[in-house]
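A short write-up of the structure that comes next.
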2 protein chains.
Amino acid sequence: MNRPTEPYTARKPSRIQTRNRKRILEAALDVFSVEGYRGATLDQIAQAAGLSKPNILYYFEGKEAIHVTLLNHTMETWLEPLHRLDPAGEPLEELLRYIRRKVEMSREYPRESRLFANEILQGAPRMRPHLEDGLKPLVDEKAALIARWVEQGRLAPVEPRHLIMSIWATTQHYADFEAQIAVLMPEGDVWDDALAHVETMFRKLLAPRPD
Amino acid sequence: MNRPTEPYTARKPSRIQTRNRKRILEAALDVFSVEGYRGATLDQIAQAAGLSKPNILYYFEGKEAIHVTLLNHTMETWLEPLHRLDPAGEPLEELLRYIRRKVEMSREYPRESRLFANEILQGAPRMRPHLEDGLKPLVDEKAALIARWVEQGRLAPVEPRHLIMSIWATTQHYADFEAQIAVLMPEGDVWDDALAHVETMFRKLLAPRPD
DNA sequence: TCGTGCCTTGACCAATTGGTCAAAAGCCTG
DNA sequence: CAGGCTTTTGACCAATTGGTCAAGGCACGA
């Protein structure tokens with residue numbers, strides 16, 4: 001039985017393979033993002049995907065392989081906006097655009113945000129290398145850029161890495177703690193207010209001179 | 001076999017009971033806070049507590065009972081600083097004191113923060129009632145207080161609930177995402193810088209007139 | 001249409017897990 | 001130091017879980 005996932009099976013994937021792998025990942029995202037890695041079961045994933053458990057194992061080497069695939073894919077999507085931070089742009093506008101995009105992403109991909117949060121909460125056991133190789137260099141680069149902007153007086157003085165942390169914290173919070181938000185916030189467009197609040201917050205923090 | 005935990009056993013707990021229940025809760029906090037509810041096992045907890053598994057079950061009705069006990073206890077500690085927000089105080093100073101205390105707590109009780117985060121991430125299945133009864137009224141009350149302060153022009157205009165969210169988000173982030181912070185931050189006193197950063201951030205956001 | 005190789009699954013397995021129980025071991029008090 | 005309680009545990013159990021496997025179903029090119 002040659003698994004389609006075996007490394008040396010370089011065949012291009014059939015239509016069925018493409019469809020089913022996508023189904024599985026979609027279902028697994030649903031399950032992992034709320035249950036965490038250990039909390040999720042292959043049976044849950046199989047049922048959510050509408051496939052039998054052995055069939056899931058036909059497409060992926062195992063539970064962990066599914067999780068890792070999901071994590072890596074998410075990581076790319078997640079970092080893309082930070083990549084876009086443009087050294088040639090106007091500092092405040094660049095950062096506000098980044099922040100706005102991050103809020104959008106929390107609204108649009110809450111499952112991905114929670115998947116990630118779960119992994120980090122548990123000490124990033126399946127992702128530490130990826131953090132070192134993928135995330136750290138990018139953050140170092142952008143932190144340096146922000147530091148330059150500050151030196152040039154085009155942003156209020158701010159510790160770049162902590163700025164980035166607080167942007168992530170405030171934006172992802174709305175996705176990760178949705179269950180809490182649902183209880184505390186009055187009905188209505190939480191997201192619009194959230195966007196306005198976060199934007200005000202960072203505008204005031206970063207404006208080179210107080211408005 | 002009369003369990004000491006049975007409701008109608010109103011006996012005051014023996015010295016051994018007090019000691020062992022404390023041990024178990026301490027061990028369980030270690031385990032639950034990194035593994036989440038489903039990820040944690042009674043064996044892990046038993047081993048961490050230095051007790052046998054059946055002995056754990058002698059002191060608590062079951063896995064869930066331990067988790068709930070921990071959650072409820074944590075919730076109190078967690079909310080105490082918000083309770084202290086004083087209507088008679090100077091608004092900006094009151095809020096900054098609250099924020100400082102929250103940073104302290106994330107530094108001092110990261111496990112509690114993660115325990116809580118895990119529960120909320122998973123949709124707060126074992127805590128929703130407690131959120132409604134305990135958390136919501138308090139937040140409503142303090143949000144009203146902040147709204148009053150804003151009306152009186154003693155704080156910059158801000159949506160109170162979102163302010164509270166962003167305080168929680170920024171402060172707890174340092175505990176909950178510690179694994180990520182460890183990778184991204186250069187060695188040194190992350191916490192001191194974090195405190196300074198967060199304080200600046202909210203000072204600028206809240207100061208009734210720009211400094 | 002036929003067969004070859006891709007896809008699917010029922011049955012099964014070993015390990016883990018939350019929990020039970022009866023008996024043994026401490027421990028305290030009269 | 002005896003008797004009755006509290007505490008502790010080894011042995012056990014049923015359910016769940018990740019994973020295997022051989023056999024059957026199916027699609028599609030020749």
Side-chain angles (χ1 to χ4, degrees), chain A residues 1-25 27-28 30-32 34-70 122 125-126, chain B residues 1-25 27-28 30-32 34-70 122 125-126:
Chain A
M1 177 179 15
N2 228 347
R3 290 246 166 79
T5 47
E6 298 291 339
Y8 291 97
T9 306
R11 280 272 223 342
K12 75 172 173 186
S14 73
R15 215 178 312 117
I16 294 184
Q17 268 176 52
T18 318
R19 170 172 54 84
N20 281 356
R21 284 183 62 100
K22 195 173 292 180
R23 268 194 201 174
I24 293 169
L25 288 174
D30 267 346
V31 178
F32 280 130
V34 298
E35 307 283 357
Y37 179 73
R38 283 208 62 193
T41 73
L42 284 181
D43 290 292
Q44 284 175 292
I45 296 174
Q47 197 183 352
L51 299 174
S52 71
K53 185 168 64 170
N55 207 6
I56 301 274
L57 275 318
Y58 173 72
Y59 288 103
F60 287 88
E61 301 255 347
K63 187 183 176 183
E64 185 160 347
I66 304 178
H67 194 242
V68 169
T69 304
L70 231 33
Q122 273 146 44
R126 275 165 290 281
Chain B
M1 174 178 22
N2 228 345
R3 288 246 166 79
T5 47
E6 298 291 338
Y8 291 96
T9 306
R11 279 272 220 346
K12 76 174 173 186
S14 74
R15 217 179 309 119
I16 294 185
Q17 269 176 50
T18 318
R19 170 171 55 82
N20 280 355
R21 283 183 63 99
K22 196 175 291 179
R23 269 194 201 174
I24 292 169
L25 289 174
D30 268 347
V31 178
F32 280 130
V34 300
E35 307 283 358
Y37 179 73
R38 284 209 62 191
T41 73
L42 284 181
D43 290 292
Q44 283 176 293
I45 296 173
Q47 196 183 353
L51 299 174
S52 70
K53 186 169 62 170
N55 207 6
I56 302 274
L57 275 317
Y58 173 71
Y59 288 103
F60 287 88
E61 301 255 348
K63 187 184 177 183
E64 185 160 347
I66 304 179
H67 194 242
V68 169
T69 304
L70 232 32
Q122 273 146 44
R126 274 164 290 280

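Reminder, nothing fancy here: chain letters follow the sequence lines and each chain counts from 1. What you see is a predicted model, and the numbers here were worked out from it, not measured in a lab.
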**OP:** Could I get the full list of salt bridge (charged side-chain N to carboxylate O under 4.0 Å, His left out) partners for B:R38, not counting sequence neighbours?
**Re:** none
Original post:
OP1, OP2 of D:dT8 versus side-chain N and O of B:N20: anything below 4.0 Å?
Top reply: yes
Subject >> Axial cation check for A:F32 ring with A:K63, 6.0 Å and 45° limits >> reply: no
Original post:
Quick one: are A:R21 and A:I24 in side-chain contact, heavy atoms under 4.5 Å?
Top reply: no
Original post:
Side chains of A:L70 and A:H67: closer than 4.5 Å at any heavy-atom pair?
Top reply: no
Using a cutoff of under 3.5 Å, can you pull out all pairs of nitrogen or oxygen atoms linking the protein to nucleotides 16-19 of chain D, with atom names and distances?
from: D:dT17; atom 1: OP1; to: B:R38; atom 2: NH2; distance (Å): 2.9
from: D:dG18; atom 1: OP1; to: A:A40; atom 2: O; distance (Å): 3.1
from: D:dG18; atom 1: OP1; to: A:K63; atom 2: NZ; distance (Å): 3.0
from: D:dG18; atom 1: OP2; to: A:L42; atom 2: N; distance (Å): 2.8
from: D:dG18; atom 1: N7; to: A:K53; atom 2: NZ; distance (Å): 3.0
from: D:dG19; atom 1: OP2; to: A:K63; atom 2: N; distance (Å): 2.8
from: D:dG19; atom 1: O6; to: A:K53; atom 2: NZ; distance (Å): 3.3

**OP:** For B:R15 and for A:R19, locate the closest nucleotide of DNA chain C by heavy-atom distance; then report the residue assigned to the nucleotide nearer the 5' terminus.
**Re:** A:R19
**OP:** Could you check how far CD1 of A:I16 sits from C1' of D:dC26, rounded to whole Å?
**Re:** 8 Å
Original post:
Closer than 4.0 Å, any side-chain N/O of B:N55 to the OP1 or OP2 of D:dT9?
Top reply: yes
**OP:** Mind checking side-chain contact (heavy atoms from CB on, under 4.5 Å) for B:D43 and listing every partner two or more places apart, or none if nothing turns up?
**Re:** B:T41, B:K53
**OP:** Please name the pair of heavy atoms, one in B:I56 and one in B:A49, separated by the smallest distance, quoted to 0.1 Å.
**Re:** CD1-CB, 4.4 Å
Subject >> Length of the line joining A:Y58:OH and C:dG10:C1', which is rounded to integer Å >> reply: 18 Å
**OP:** Rounded to the nearest angstrom, tell me the gap between atom CG in B:L51 and atom C1' in D:dG10.
**Re:** 16 Å
Original post:
Does the side chain of A:Q17 get closer than 4.0 angstrom to OP1 or OP2 of C:dC6 through an N or O atom?
Top reply: no
